[in-house]
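To start, the structure under review is shown below, and the notes come after it.
Computed from a predicted model, the values in this text were never measured in an experiment.
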2 protein chains.
Amino acid sequence: MNPADPARALELLSRSPVFRGASPADLQPLAALGTFRTLRRGEVLFRAGDALDTLFLVSSGSVRVYRVVRGGTRELTLHVEGPRQLVAGVGVLGGSDPAPAHAVALQTPTEVLCLPAAAVREQVFGTPALAAAVIAALARRQAELLARLEGLVFSELGERLAAYLLEHAADDPHALPTNSDLAALLGTVPELVSRKLGEFYRLGLIQLERRRVRVLDRPELERLAGRTGGEGRASDPR
Amino acid sequence: MNPADPARALELLSRSPVFRGASPADLQPLAALGTFRTLRRGEVLFRAGDALDTLFLVSSGSVRVYRVVRGGTRELTLHVEGPRQLVAGVGVLGGSDPAPAHAVALQTPTEVLCLPAAAVREQVFGTPALAAAVIAALARRQAELLARLEGLVFSELGERLAAYLLEHAADDPHALPTNSDLAALLGTVPELVSRKLGEFYRLGLIQLERRRVRVLDRPELERLAGRTGGEGRASDPR
DNA sequence: CGGGTGATTGAACTGCTTCAAAACATGTGG
DNA sequence: CCACATGTTTTGAAGCAGTTCAATCACCCG
């Protein structure tokens with residue numbers, strides 16, 4: 001696996017949704033500068049506070065981006081990025097030099113394309129189609145983040161977990177992450193995840209076997225997830 | 001007050017931090033297209049779900065951008081934008097057509113410069129310096145938002161209120177917004193704001209007289225706000 | 001002076017947190 | 001193949017912050 005491989009880099013760049021709308025000619029200069037890097041599970045891409053001089057584009061595997069809060073007692077996973085997704089996009093392009101979050105590889109062969117920040121900025125800002133695509137991607141990301149956090153603030157764990165199950169376990173037997181990872185994603189602690197999953201199981205909403213789930217009662221889960229946008233207890237009729 | 005006034009528009013545009021780095025020549029075409037609009041307190045700029053074909057730049061007064069959650073039982077203020085700040089920036093530039101939030105004027109003479117979205121997009125994407133400045137501004141905004149919401153999720157009301165007081169009531173007698181507005185900003189309900197303010201008063205941390213506050217014990221408030229980043233109850237030694 | 005808005009207080013309740021311990025799984029070395 | 005050590009999941013139980021409903025109080029305005 002050659003660290004520099006312009007052809008593969010160009011292929012990856014042109015398939016990434018962030019750079020959609022750019023012509024191969026626009027991406028060529030970036031591909032020439034990119035190098036591939038392979039990580040093992042748990043390996044650190046960068047830490048919060050690091051200077052950000054590189055942009056990462058996931059090629060295979062996945063990367064977890066998270067922040068540590070509560071004086072180190074708690075982790076909040078911001079996103080988990082899979083293939084063709086950008087890591088550190090906002091930080092690098094927005095010029096926020098110290099990285100605002102940590103990033104580690106989640107799977108054992110995780111390969112990322114590393115692009116020098118300065119070159120990316122220059123290319124992006126100078127190419128209208130690229131600038132538009134990147135801004136759109138950042139905006140989309142921001143909207144997701146906003147929705148996620150709004151859910152964290154205003155809806156209860158049951159709703160968030162139901163939503164998670166609907167989104168990720170829709171396809172039959174689905175392997176759950178560990179309770180700790182789920183907790184970091186949902187903004188709570190492993191104990192609560194365990195309790196809520198048990199509750200759903202007892203209600204017959206899901207089938208649980210080891211770390212595999214299967215959704216049994218989709219309509220009820222949807223009701224719990226609050227299709228209307230999280231009415232919570234305000235919804236109970238009286 | 002003439003609705004169209006290219007000279008004033010240009011002046012405003014070139015002083016706005018979002019467009020910093022652009023030459024007057026770059027901004028000229030936008031200024032020519034802008035129209036001013038004056039609003040009264042409570043007047044709606046746009047509602048969540050509206051098609052966003054206009055970008056707003058606050059000229060005077062202030063605009064509150066907020067979302068309605070919990071099935072309409074609760075409001076969360078995302079930002080309050082003062083002069084030279086952009087409203088609807090992410091939505092318009094990112095191409096998320098239906099507005100993701102509501103926006104209303106907070107003060108009675110609030111004047112905004114309205115710019116047609118399509119023209120702004122074209123100008124921004126086609127001008128490298130502008131694209132860079134705008135992306136940086138959006139990224140900064142996103143970082144603020146992230147910090148705000150993270151605080152909402154992981155720190156307690158006392159911490160958030162203390163932080164608010166330190167930030168906004170630093171200068172002597174400071175006029176507080178109504179408890180409802182404060183609640184929308186802090187992500188809670190008016191009752192809790194009242195209770196916490198009362199508690200701070202009883203502890204001798206602040207002086208309260210009508211809607212005016214004065215910080216009496218700054219060090220203690222800073223301790224409560226959790227300088228270290230919100231350790232919450234995890235901090236108490238044992 | 002009455003009426004309406006916002007502020008305050010009371011009280012019951014819910015969901016989350018935290019600490020702690022038990023149950024279970026998984027891998028290691030004897 | 002068992003015994004042990006380690007880590008994760010599950011369950012228990014006490015406590016607290018925030019929510020909600022509701023009632024009272026203070027103030028401003030005409």
(request) Look only at the side chain of A:His174 and the backbone of A:His168, and say whether a donor-acceptor pair between them is shorter than 3.5 Å. (result)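 Yes, A:His174 side chain to A:His168 backbone: donor-acceptor pair under 3.5 Å.
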Can you identify which nucleotide, out of [options], has its nearest atom closest to the [X] side chain?
| X | options | answer |
| --- | --- | --- |
| B:Leu192 | D:dT19, D:dC21, C:dT17 | D:dT19 |
| A:Leu157 | C:dT8, C:dC16, D:dT9 | C:dC16 |
| B:Lys196 | D:dT11, D:dG18, C:dT9 | D:dG18 |

Round to the nearest Å and state the distance from [X] atom [atom1] to [N] atom [atom2].
| X | N | atom1 | atom2 | value |
| --- | --- | --- | --- | --- |
| B:Arg70 | D:dT19 | CZ | P | 8 Å |
| A:Phe154 | D:dT20 | CZ | P | 10 Å |
| B:Leu176 | C:dA7 | CG | C1' | 12 Å |
| B:Leu186 | D:dG18 | CG | C1' | 14 Å |
| B:Asn179 | C:dG6 | CG | P | 11 Å |
| A:Leu224 | C:dG15 | CG | P | 12 Å |
| B:Leu182 | C:dG6 | CG | P | 14 Å |
| B:Glu156 | C:dC16 | CD | P | 15 Å |

(request) Select from A:Leu208 and A:Val153 the residue whose nearest nucleotide in DNA chain D is closer to the 5' end of that strand. (result)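 Its nearest nucleotide lies further toward 5', so the answer is A:Leu208.
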(request) On DNA chain D, check which nucleotide each of A:Val193 and B:Arg74 is closest to and give me the residue with the more 5' one. (result)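 Its nucleotide being nearer the 5' end, the pick is A:Val193.
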(request) For B:Arg210, report the nucleic acid contact type (base, sugar-phosphate, nothing); a contact means any heavy atom under 4.0 Å. (result)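 Counting heavy atoms under 4.0 Å across all strands, the contact made by B:Arg210 is with sugar-phosphate only.
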(message) Less than 4.0 angstrom from a charged side-chain N to a carboxylate O is my criterion; do A:Glu220 and A:Arg223 meet it?
(response)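 A:Arg223 and A:Glu220: salt-bridged.
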(request) Look at B:Glu144 together with B:Arg140 and state whether they make a salt bridge at an N to O cut-off of under 4.0 Å. (result)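 Here B:Glu144 does not pair with B:Arg140 in a salt bridge, since their nearest N and O are not under 4.0 Å apart.
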(request) State whether the distance check finds a donor on one side and an acceptor on the other, under 3.5 Å, for side chain A:Arg195 versus base C:dG15. (result)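 No pair found.
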(request) Please tell me which of A:Glu191 and A:Arg160 maps to the more 5' nucleotide of DNA chain C, matching each residue to the nucleotide holding its nearest heavy atom. (result)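 Its nearest nucleotide lies further toward 5', so the answer is A:Arg160.
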(message) Does a side-chain N or O of B:Thr188 approach OP1 or OP2 of D:dT19 to a distance below 4.0 Å, or not?
(response)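 So the side chain of B:Thr188 is within the cut-off, an N or O lying under 4.0 Å from OP1 or OP2 of D:dT19.
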(request) Taking only the side-chain nitrogens and oxygens of A:Arg211, find out if one of them lies under 4.0 Å from OP1 or OP2 of D:dT8. (result)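 For D:dT8, OP1/OP2 do not have a side-chain N/O of A:Arg211 under 4.0 Å.
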(message) Going by side chain to side chain contact (heavy atoms under 4.5 Å, CB included), name the residues that satisfy it together with B:Thr108, two or more places apart in sequence or in a different chain.
(response)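 Residues passing side chain to side chain contact (heavy atoms under 4.5 Å, CB included) with B:Thr108: B:Arg40, B:Arg41.
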(request) Mind checking ring pair (Phe, Tyr, Trp, His ring centres under 6.0 Å) for A:His79 and listing every partner two or more places apart, or none if nothing turns up? (result)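 By the ring pair (Phe, Tyr, Trp, His ring centres under 6.0 Å) rule, A:His79 matches no residue at all.
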